[in-house]
Structures are given as C-alpha cells and as structure tokens.
**Student:** 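So that we are looking at the same thing, I have put the structure below in structure tokens.
In the text below, chain A, chain B and the rest are named by the order of the sequence lines, each starting its count at 1. These numbers come from a predicted model, not from an experiment.
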Amino acid sequence: MPVVVKLTPKKEVTVEGGKTAEKIFEELGLGKDIIAAKLNGKLIDLTDIILEGTLEPVSIHSKDGIEILRHSAAHLLAHAVSELYPDAKPTIGPPVEDPPGFYYDIEMPPISSDDLKKIEEKMREISNRNYKIEKMVLKKEELLQMFRDNPFKSELIKEEVEDGGKSTAYKQGNYVEFCTGPHVPSTGYIKAFKLLNVSTAFWRGKEDNPKLIRIYGTAFPTKEELEQYLNMVEEAKKRDHRKIGAELDLFIMRPEYGPAFPIYTPKGAIIRNELIDYMRELNAKAGYEEVWTPHAFRTTLWEKSGHMSHYRENMFLMELENEEYGMKPMNCPGHILIFQRKAWSYREMPARYSEFGTVYRYERSGVTNGLLRVRSLTQDDGHAFVRIDQIDQEVGKLIDMIQEVYYKTFGIKELRFKLSTRDENNREKYAGSDEVWAVATTKLKEVLESRGLAYEIKEGEAAFYGPKIDVDVRDAIGRYWQLSTIQLDFFMPDENHFDLKYVDENNQYHHPVMIHRAIYGTLDRFMGIIIEHFAGAFPLWLSPVQVRILTVGENAVPYANQVFGKLKGEGIRVDLDTSTNTISKKIRNAHDEKIPYVLILGEKEVSQNKVSVRDRKMRQKNLVNIEEFIGKVKEEISTRALEISFCETK
RNA sequence: GCCACCGUAGCUCAGUCGGCAGAGCGGCUGACUUGUAAUCAGCAGGUCGGGAGUUCAAUUCUCCCCGGUGGCUCCA
C-alpha cells in the first residue's frame, strides 16, 4: 500500500508501505537527525511499521523533536536515579516548554546538589552505553504485573488503560517506563543536557499525597544550544529586580523587622509616584472617582463581605478593647460602603471608584518573593458598579486600557490573557444563578474575541463570586505573574451580603454587578516586573534621575550650577557631579546608574554657553543649545516616550 | 506551611580539615584639577544571621530558631 512521505511542506514522494518509518526514511536518504515520525499528523516512533497514510520525518531540531528529546531525557534521568537508588519509584516526567526542559517526580529520599552531580554523571554514562530505546506493546494485565512494585505507575495504568486494552512501555537496558512515547531511538541521542535543581512536589499536586522529589533539567539537540541557553539564563539573572533594586537603590527589605514588607527609598518612591500619576490620569479619563478608605476595619465588615469565612488565614487581625479589627486584605468592602451612602438611579450607573489602596495579606512564609509576592501591597484598585447590560462595554474599556498601558506605554508585548470560568461540575461552590453566570462568561469571552485576543480558558479558576479575566506577564527568569485582573462579582451586591441597589425606569430595584479591576495589579509587583523588563534602564519619565551634569575641571563648576538650576527650574530631575573624579569615572558611574542623559560641561561648553549630551546608550551630541535639550527632554517626559532619542542621529 | 540549598564589612566574595577574620568595590581623609566606561595613597569599617550544646578553644562541629533563594502547595 502506498505511503505519501512529506519531505518538506511542498515536496512529497510516494513509497511502498509495510516497513518501519526508519527504513522508509533511510531509503530516501534522510539523515541521522530524524528521531521520530508523524503519521497523519500523530507523533510515532521510527520503529513503527507504516502501512499507509501521510508520513513526515521529525527532526531532532524541530519543535516536536526537541520535545521528544526532552521527554527521553526525563526517562534517562529516571533511569539513572533507578540505578543509583534501587528503591526509588519514578512517577511522571514530562518535557516542559517554558522554561525549556523537563522534570521527573520520583519518590525517593531527599537529595542534595552533590547528589545531582552524581545523577548527571550516571546519565552521561547511560547515554554513552547507547541503549536502544525499544517499544513494547503490552496488555493492561502485563503492564500491571511489570509495574507491580510501583504504586504510582500502577495507578496510572489502571486509570489510563482500558480493561482488556493495550498500551506501551519503553525499555532501555534494564529500565522500563510506562509511557505512550514516542522517544528518540537510543540513549546516545541525549548528549546535551544538564540537571538544574531539585525541589519537592506532591503526587498529583495534592498536599496530602506522598511527597516526591522533583528534579529539573534541560536538554537540547546540540551542546552549543545548551550553552547558549545556560548563558541566557545567566544573563537573565542579572536583570533580577532584587539585584537591580539594590544596585539602583530603589527599595530595601528588612526581613528581621518585616519579612516581605518592601520599603521604598527616595528613588523607588519616584518611580512609584510616576506610576500612580499615570494611572490616575487614565482612571480619571475612564470615569473613576478617586476615594480613600482606612487600612483597617472592625471584623464586622469582613464578616459581611465574606472575608472572615473565606480569607481569614491571610488576614492580619488584632483585638483592642474587646473588639476585633482586621487590616484590609482588599479594598472592595470599603468602596461598597461609599456606594451605599446614597440611593442610586439606573441613569447614574456605572458608578466607579478608584483607590491606590494598600492592603495587607499574610502570605505563607515560603511563597514570598522580592517585590513580586509581598505582604503589604498597593493595588491600583477600582470598582465599577454596573447594570448587567453594561458589563461588556465596561469590560471592553478595561481591556483597551490594559493594552494601552502594557503595549504602548511600557512596551511589554508578552501578555497572557486568561478567562477563568467556574467548574461546571461543582456549581454549588459558586454564588449566583446559572443564567447570570452564563451571561457574564459569554460577555467576557465576546470582549476578548472582539478584540482578537488569544486567551486561555481556565475552568474552575473563577472567583466564587464570578468569572474573571486575568493578565499574566513573565519575569526575567520566565515565571508568570498575574498583574491585571478584571473580575465580575454578583455576590457582594446581593441581598445576603451588602444588598446594593439601584432603581430602574419602572421603579424596580436591582442589584448592580460589581467589577473589581486593577491594571498594574499592584504597584509592588508591577515595579518588580518593569525593573526586570527595562533591566533598570527606565524610560525618561520614570527615571529617578533624568539628567546628570558632569564637570570637567573646577572652572566649569559655576556654569554647571547655572545649568543645574535651569533644568531644576523646568521640573527636570537633575543632579550634579562636581567631584574631583576623572571624567571617565563620572561617566562610568552615571552609566552604572543607568542615568538616561548626562551633560558634560568643560571649557568648551562654558565658553560657548552650550552643553554636550551623552546618553546611556553611549550616543553623543556635542555643543548643543541648552534650550534645545530642555525642550526635547520635556517632550519625552510629557509623552512618556519609551525610548530616549535626543542623541539619535537620523 | 513542605523539601533542598544558602546567610562572613554597605556591596561582591575569599578564608578557617576547630587556634587573634581577609580582598576588591563603596565610605572617610589627603594629594591630583582632570575631555568621554575605574587617578594615587592612607584610614575607618565585622558579636562571621540569633540562641543553646560539644571543646582548653567554635565563624568553623551538633541541635533549635530567624531570614533569604529555587521549587511544591496556596493565591478573593
């Protein structure tokens, strides 16, 4: 029977079937980098016999090929562990796309980083033995017999293989894996790999299940690619906001007095305040009225809002004069009190309140992280109280706002939109009627789709009070963090909670829907993300010091003072370095501090009443008029330009 | 909270197989008065995260605690 072999998307040949994919490719003269095949679009092993269909070679350099390589590398890891620790019980070990690599969860005694080296050596040894990786097709009973000593694999076989059905296992040397494959042809294909770290995980992610050792590693088709990746990781570590935050003196932590309570220094506070000013402008444009609410309330409020029953473990609570108080973990109940102060007409909806509200959440000790996960956090919070027919328009405006902020103003392109819906099998966990959920979820979906945004649906991740759209952004080392959020809430406005109302044109009362939203998410996490995004080289409007004046020789000092005063008078954040350091040293310091522009003032500038401008990208424009420079700088600041461009030569 | 690793000067890090604690940068002082990515010299700076134990002697070994990092879990 004929097999159509697609050599490239355009080039096809037809060959006779009935032999292995490997044989077919070999006869067509394909190289050794072919490690698997695709039959009618499905990945298979080279050793599979092909009868008919469309067959494509899968190169180790392709996306599929690399995934197979990493999957096989995970097996190699489990194989090595099994040789070194005969009692170890491998569970699952998948490839991971982001960050690129793989892991394997194994039940075994805890290991150290020295052990990791040993395991890696053993992997190399097994790779060099170049075992053939052989596929075995086995009946369910045979598989259960084969893995009878491994309760994890047995559980998987019971679940995944039908009674009376068959599945596959792969054998390399004495090591056998229950796995559907495909895999590289032999262990010798896995050459460029490295084990990265060890942690723990729970079987199937449940805290009460057995604890497993998770070993992370990565693998690439070539040693060069592996090296390149490891270098990239090293480079990324230099952008870590904790490192840059200390170097540029933006914030400090004093864990002995307040673990995960960030303290913002003068320079960091400038960035925070610039971020606030910008968002304040956007909020005002979007119809939000800024409010302010206290940092603590009696727990009577938190009981009414449901926080005492749903969020108590994360709250800072205190008792005073026999009354219990709680630091606010969220701003919404405060905003609800503001909404409740008067009667509302349908004509006045939506009502919108915003607040840069600092909230306090007791996060478990192992989860905090620099500015990215803290216990005191300031949200660019806002609540819109809307009629149900206004949901889509309101959400649409927020999506536009998110896009403007991230794409345009900050140049952050890699956003991950998530639509979190309720778990349809557990409806009782959620508040509100089926109809309302259906309408709200559909509306959110439509808003995303009408804007052509790719999004992931996260079933079961909705808040109990309503579905939501979240936006995640990556940090320097590739972890995703949630920043923006748009949450629909039918719960707090209802009659069992705050019983919020507006009256319609027929004099009927309705509950408004609450939209909880934050664009940055929190100033803290957002600052962490942009520090890494810009690697500390902020756009001019955000830079704590926008211009530094450097003098060459003491004769230039009076003139430098004059220029300094002029820039300061224009509202530019400027400082002055008249130290006796060499000009080289002053430039180096400014560069290390990522100061956008430096003015170099020496004899020439003094005598001609000009300035020489050098930017942090080492571009320079000599002897220009001060006014010209000031004009351009002010323009870059007021337009919140992403790039510094004064020294650009066209 | 769980597991592994880590904690030495403001920062980056060396060091002690148990015997008076080191460097570079930064800071201070002085000299130099400088033209595009580190001028030279001197000085100061440490309860070696905290507590307990073993020891003639602990920064080093043991235990407990605190904190950090990476994961896991959690994340209204």
Side-chain angles (χ1 to χ4, degrees), chain A residues 99 103 105 108-116 196-216 237 240 242-243 246-247 249 252-260 302 305-307 309-315 329-333 359 361-370 373 377 379 420 430-431 461-466 468 470 477 479 481-482 485 487 489 491-492 514 516 518 550-557 578-592 598 600-605 612-614 616 618-620 622:
Chain A
Y103 67 83
D105 285 349
M108 62 187 292
I111 55 170
S112 69
S113 41
D114 284 345
D115 298 324
L116 214 55
L196 299 172
N197 55 30
V198 197
S199 68
T200 50
F202 301 100
W203 171 237
R204 309 212 134 172
K206 296 219 172 68
E207 225 169 343
D208 38 355
N209 277 347
K211 203 179 310 161
L212 307 171
I213 303 298
R214 175 172 293 185
I215 302 174
Y216 283 90
K237 280 187 190 152
D240 189 310
R242 291 164 297 203
K243 190 173 155 63
E247 285 166 359
D249 195 19
I252 56 170
M253 293 284 189
R254 293 296 300 270
E256 71 275 37
Y257 300 120
W302 309 120
S305 65
H307 286 89
S309 45
H310 290 95
Y311 206 64
R312 189 191 177 107
E313 273 155 33
N314 286 299
M315 286 179 67
M330 290 179 209
N331 301 299
C332 31
V359 299
R361 298 179 180 177
Y362 185 78
E363 300 283 359
R364 291 161 89 183
S365 59
V367 307
T368 59
N369 184 293
R373 184 101 179 243
L377 43 139
Q379 301 178 307
S420 298
Y430 302 90
E461 289 196 10
F464 75 95
Y465 52 67
K468 56 177 184 167
D470 291 324
I477 59 174
R479 294 176 297 201
W481 298 87
Q482 185 191 305
T485 186
Q487 310 181 352
D489 178 2
F491 177 81
M492 289 194 206
M514 258 180 100
H516 307 241
L550 310 181
T551 51
V552 185
E554 61 191 8
N555 293 335
V557 173
T578 56
S579 65
T580 62
N581 282 322
T582 58
I583 188 66
S584 295
K585 175 70 172 182
K586 293 184 194 184
I587 287 173
R588 185 190 160 90
N589 286 345
H591 191 257
D592 285 349
V598 298
I600 299 167
L601 306 184
E603 217 171 297
K604 276 182 266 177
E605 288 77 14
S612 289
V613 186
R614 180 184 164 112
R616 70 178 162 220
M618 292 178 285
R619 299 174 301 193
Q620 189 149 350
N622 288 329

**Student:** Provide the Watson-Crick or G-U wobble partner of B/U62, both distances under 3.5 Å; none if there is no partner.
**Tutor:** B/A52
**Student:** Once rounded to the nearest 0.5 Å, what's the spacing between atom NZ of A/Lys585 and atom CD1 of A/Ile583?
**Tutor:**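 A/Lys585 atom NZ to A/Ile583 atom CD1 measures 13.0 Å (nearest 0.5 Å).
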**Student:** Using Watson-Crick or G-U wobble geometry with both distances below 3.5 Å, tell me the partner of B/C40, or none.
**Tutor:**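 The base-pairing partner of B/C40, which may sit in any strand shown, is B/G30.
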**Student:** Let's test this: given Watson-Crick or G-U wobble pairing with both distances under 3.5 Å, identify the partner of B/C75.
**Tutor:** none
**Student:** How would you label the contact of A/Glu256 with the nucleic acid (heavy atoms, under 4.0 Å): base, sugar-phosphate, or nothing?
**Tutor:** nothing
**Student:** Output the rounded distance in Å from NZ (A/Lys585) to C1' (B/U36).
**Tutor:**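 Checked: the NZ to C1' distance equals 15 Å.
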**Student:** Taking the nucleotide of RNA chain B with the nearest heavy atom to each, does A/Asn589 or A/Val367 sit closer to the 5' end?
**Tutor:**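 Here A/Val367 is the residue nearer the 5' end.
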**Student:** Over all strands shown, is A/Ala463 touching base, sugar-phosphate only, or nothing at heavy-atom distances under 4.0 angstrom?
**Tutor:** nothing
**Student:** Less than 3.5 Å between a donor and an acceptor, one on the side chain of A/Ser199 and one on the base of B/C72, is that the case here?
**Tutor:** no
**Student:** Can you check whether any acceptor in the base of B/G35 is under 3.5 Å from a donor in the side chain of A/Glu605, or vice versa?
**Tutor:** yes
**Student:** For A/Gly370, which contact category applies under a 4.0 Å heavy-atom criterion: base, sugar-phosphate, or nothing?
**Tutor:** sugar-phosphate
**Student:** What about A/Arg588, does its side chain sit under 3.5 Å from the base of B/U36 through a donor-acceptor pair?
**Tutor:**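 Check fails, no donor-acceptor contact within cut-off.
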**Student:** May I ask you to say what A/Lys604 touches in the nucleic acid, namely base, sugar-phosphate or nothing, with a heavy-atom cut-off under 4.0 Å?
**Tutor:** base
**Student:** Give the intermediate values and the outcome of side-chain contact (heavy atoms from CB on, under 4.5 Å) for residues A/Phe491 and A/Met514.
**Tutor:** CA-CA 9 Å; A/Phe491 177 81; A/Met514 258 180 100; over 6 Å; no
**Student:** Taking any heavy-atom pair under 4.0 Å as a contact, classify A/Arg614: base, sugar-phosphate, or nothing.
**Tutor:** base
**Student:** If you go through the side-chain atoms of A/Gln620, does one of them form a donor-acceptor pair with the base of B/U36 closer than 3.5 Å?
**Tutor:** yes
**Student:** Going by purine N1 to pyrimidine N3 plus the second Watson-Crick contact, or the G-U wobble pair, all under 3.5 Å, which nucleotide sits opposite B/A14?
**Tutor:**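 Here B/A14 is not engaged in any pair, so there is no nucleotide opposite it.
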**Student:** Just the rounded figure in Å: distance from P of B/A38 to CG of A/Asp592.
**Tutor:**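 So the CG-P distance, A/Asp592 to B/A38, works out to 10 Å.
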**Student:** How would you label the contact of A/Arg373 with the nucleic acid (heavy atoms, under 4.0 Å): base, sugar-phosphate, or nothing?
**Tutor:**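 The answer is base, as A/Arg373 lies within the cut-off (heavy atoms under 4.0 Å) of a base atom.
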**Student:** Is it true that atom CD of A/Glu256 has more than 12 heavy atoms of other residues, nucleotides or ligands lying nearer than 6.0 Å?
**Tutor:**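 Result for CD/A/Glu256: enclosed.
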**Student:** Given atom NZ of A/Lys237 and atom P of B/U12, what is their separation to the nearest angstrom?
**Tutor:**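 The distance from NZ of A/Lys237 to P of B/U12 comes to 15 Å, rounded to the nearest Å.
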**Student:** Please report, rounded to the nearest Å, how far the C1' atom of B/G26 is from the CG atom of A/Asp249.
**Tutor:**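 Interatomic distance, CG of A/Asp249 to C1' of B/G26: 13 Å.
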**Student:** Any side-chain N or O of A/Tyr216 less than 4.0 Å from the OP1 or OP2 oxygen of B/C72?
**Tutor:**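 True: A/Tyr216 side-chain N/O within range (under 4.0 Å) of B/C72 OP1/OP2.
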**Student:** Nearest to the side chain of A/Lys211, which nucleotide is it out of B/U34, B/U36, B/C3?
**Tutor:**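 Of the candidates, B/C3 comes closest.
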**Student:** Taking a pair as Watson-Crick or G-U wobble with both distances under 3.5 Å, which nucleotide is matched to B/C5?
**Tutor:** B/G68
**Student:** Rounded to whole Å, how long is the line connecting atom NZ of A/Lys586 with atom P of B/U34?
**Tutor:** 12 Å
**Student:** How many Å lie between CG on A/Asn197 and P on B/C3, as a whole number?
**Tutor:**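 Rounded to the whole Å, the gap is 17 Å.
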**Student:** Indicate, with a heavy-atom threshold strictly under 4.0 Å, whether A/His516 touches base, sugar-phosphate, or nothing.
**Tutor:** nothing
**Student:** Expressed in angstrom and rounded to an integer, what is the separation of A/Lys243 atom NZ from B/C25 atom P?
**Tutor:**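 After rounding, the gap between these two atoms is 17 Å.
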**Student:** Taking the six-membered ring where the residue is Trp, are the ring centres of A/Tyr465 and A/His310 under 6.0 Å apart?
**Tutor:**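 A/Tyr465 vs A/His310: aromatic centres not under 6.0 Å.
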